[in-house]
Number of protein chains: 2
Amino acid sequence: MARVRAVDRRLFLLIEIAARRLSREADSRLRAEANVTASQSAVLFLLLRRGERRLGSIGEVLALGAPAVTGLVNRMETAGLVIKRKDSSDKRGALVDLTEAGRRAAERADQVLRGFNAELDDKLGETDAAIVYEALTRLATDADPVT
Amino acid sequence: MARVRAVDRRLFLLIEIAARRLSREADSRLRAEANVTASQSAVLFLLLRRGERRLGSIGEVLALGAPAVTGLVNRMETAGLVIKRKDSSDKRGALVDLTEAGRRAAERADQVLRGFNAELDDKLGETDAAIVYEALTRLATDADPVT
DNA sequence: CGCGATTCATTCGGGTGTGAAAGAGATCGG
DNA sequence: CCGATCTCTTTCACACCCGAATGAATCGCG
């Protein structure tokens with residue numbers, strides 16, 4: 001069973017397909033149990049664990065471009081999950097922080113995702129999961145061709 | 001080195017981040033060298049290797065919902081890459097096939113992606129790459145919780 | 001001090017994805 | 001044969017992402 005199905009021999013396409021499936025499942029659980037989207041939950045976690053941050057910093061960690069962060073945070077602000085205020089020490093930037101509702105949502109989302117992640121780890125097995133973590137981290141932190 | 005950075009401990013978030021980075025890079029190369037997007041190239045490959053197919057079949061292989069396929073194929077038809085015609089044996093469905101331009105684009109895209117994929121394989125190393133392929137295939141073909 | 005370069009965020013236009021609902025054609029059971 | 005039902009695709013409203021261009025504030029260097 002060396003051969004994999006046609007399309008799957010392109011790692012990047014395979015990752016996209018896997019990401020799509022996982023995202024769909026995670027998103028539906030997160031919406032149902034925490035009333036947030038998968039993208040939003042990533043921001044919530046970041047703020048929950050590392051506190052108030054600038055927009056650019058969020059984009060850096062999550063590998064998102066500036067326009068994506070602007071839109072995401074704006075929708076979250078409308079939803080009452082975060083507040084945005086001008087950085088008084090550098091008025092170009094804006095700082096984002098959790099609201100109380102945001103904190104509660106973050107904690108619910110964390111529960112949901114913890115469970116989901118555990119299922120995935122089970123599915124892969126301990127050793128494979130560790131290798132995949134490491135491999136994806138490497139790809140995620142260093143995807144540029146001419147390093 | 002057991003501990004990974006905060007956000008990364010959620011496999012699904014990590015996959016999203018990696019997918020985003022890889023997609024961005026692949027997309028930019030594909031646009032430059034073959035004048036197609038990454039999503040479009042997945043459809044092109046499928047048609048190139050397996051021939052004319054129905055919309056639903058494309059969605060099944062690529063893990064895309066029906067509305068996504070409709071939009072994707074429509075934009076590709078506008079771009080002259082594919083043609084869509086009614087399935088005469090079942091007039092509910094539509095068949096999609098490559099145009100000549102589509103075939104040429106598919107072959108260029110194949111070259112680009114072959115190179116990109118080789119780089120990724122290099123970056124991961126042979127054994128890790130094989131494990132990642134296998135693991136993602138498992139996740140991509142079986143992401144449902146209650147199996 | 002002051003002006004050009006840099007940095008942070010937003011806006012703009014467009015591709016990509018989703019779930020829900022609608023329309024059209026096939027199918028099957030009475 | 002024909003209506004209930006199922007299947008395939010589309011439409012709709014929306015979330016999400018990107019690159020390019022813009023606006024606003026800071027920085028840096030003469």
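Proteins get letters first, then strands, A, B, ... in listed order; numbering begins at 1 in each. What you are looking at is a predicted structure, and each value in this text was computed from that prediction instead of being measured.
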(request) Consider the side chain of A:Leu55, meaning its heavy atoms from C-beta on, and name the nucleotide among C:dT10, C:dA26, C:dT16 that approaches it most closely. (result) C:dT10

(message) With a strict under 4.0 Å distance from non-hydrogen atoms of chain B, what nucleotide opens and what nucleotide closes the contacted stretch of DNA chain D, reading 5' to 3'?
(response) D:dT7 to D:dG19

(request) Say whether, by atom type as modelled, one donor and one acceptor occur between the side chain of A:Asp87 and the main chain of A:Leu95 under 3.5 angstrom. (result) no

Polar atoms only, N or O, under 3.5 Å: list the protein pairs with nucleotides 20-24 of chain C and their distances.
none

(message) I'd like to know if B:Arg53 and B:Glu60 make a salt bridge, using a cut-off of under 4.0 Å between side-chain N and carboxylate O.
(response) no

(request) Calculate, to the nearest 0.5 Å, the distance between atoms CD1 and CG belonging to B:Ile15 and B:Leu136 respectively. (result) 5.5 Å

(message) Using a strict threshold of under 4.0 Å (side-chain N to carboxylate O), is an ion pair present between A:Arg29 and A:Glu25?
(response) yes

(request) Give a yes/no on whether any side-chain N or O of B:Ser39 is located under 4.0 angstrom from OP1 or OP2 of C:dG17. (result) yes

(request) To the nearest Å, give me how far apart CG (A:Leu72) and C1' (C:dT10) are. (result) 15 Å

(message) What's the separation between atom CG in B:Leu81 and atom CG in B:Leu47, rounded to the nearest 0.5 Å?
(response) 10.0 Å

(message) Among A:Asp110, A:Leu62, A:Val61, which residue satisfies the side-chain contact (heavy atoms from CB on, under 4.5 Å) criterion with A:Phe45?
(response) A:Asp110

(message) Within the 4.5 Å heavy-atom criterion, are B:Glu126 and B:Asp121 side-chain neighbours or not?
(response) no

(message) Without decimals, in angstroms, what is the distance between B:Asn74 CG and C:dG17 P?
(response) 13 Å

(message) Just the rounded figure in Å: distance from P of C:dG17 to CG of B:Leu62.
(response) 9 Å

(message) Nearest heavy atom decides the nucleotide; on that basis, is A:Thr70 or B:Gln40 closer to the 5' end of DNA chain C?
(response) A:Thr70

(request) Working to the nearest 0.5 Å, report the span between CD of A:Glu107 and CD of A:Gln111. (result) 9.0 Å

(request) Would you mind reading off the distance between A:Leu95 atom CG and C:dA9 atom C1', rounded to a whole angstrom? (result) 12 Å

(message) Between A:Ala63 and A:Arg31, which residue's closest nucleotide on DNA chain D lies nearer the 5′ terminus?
(response) A:Arg31

(message) Counting the atoms with a prime plus P, OP1 and OP2 as sugar-phosphate, which does B:Ala66 contact under 4.0 Å by heavy atoms, base, sugar-phosphate, or nothing?
(response) base

(request) Please determine if B:Glu119 and B:Lys123 form a salt bridge, counting it only when a charged side-chain N lies under 4.0 Å from a carboxylate O. (result) no

(message) If the cut-off is 4.0 Å, is B:Thr37 near the phosphate of C:dT16, judged by side-chain N/O to OP1 or OP2?
(response) yes

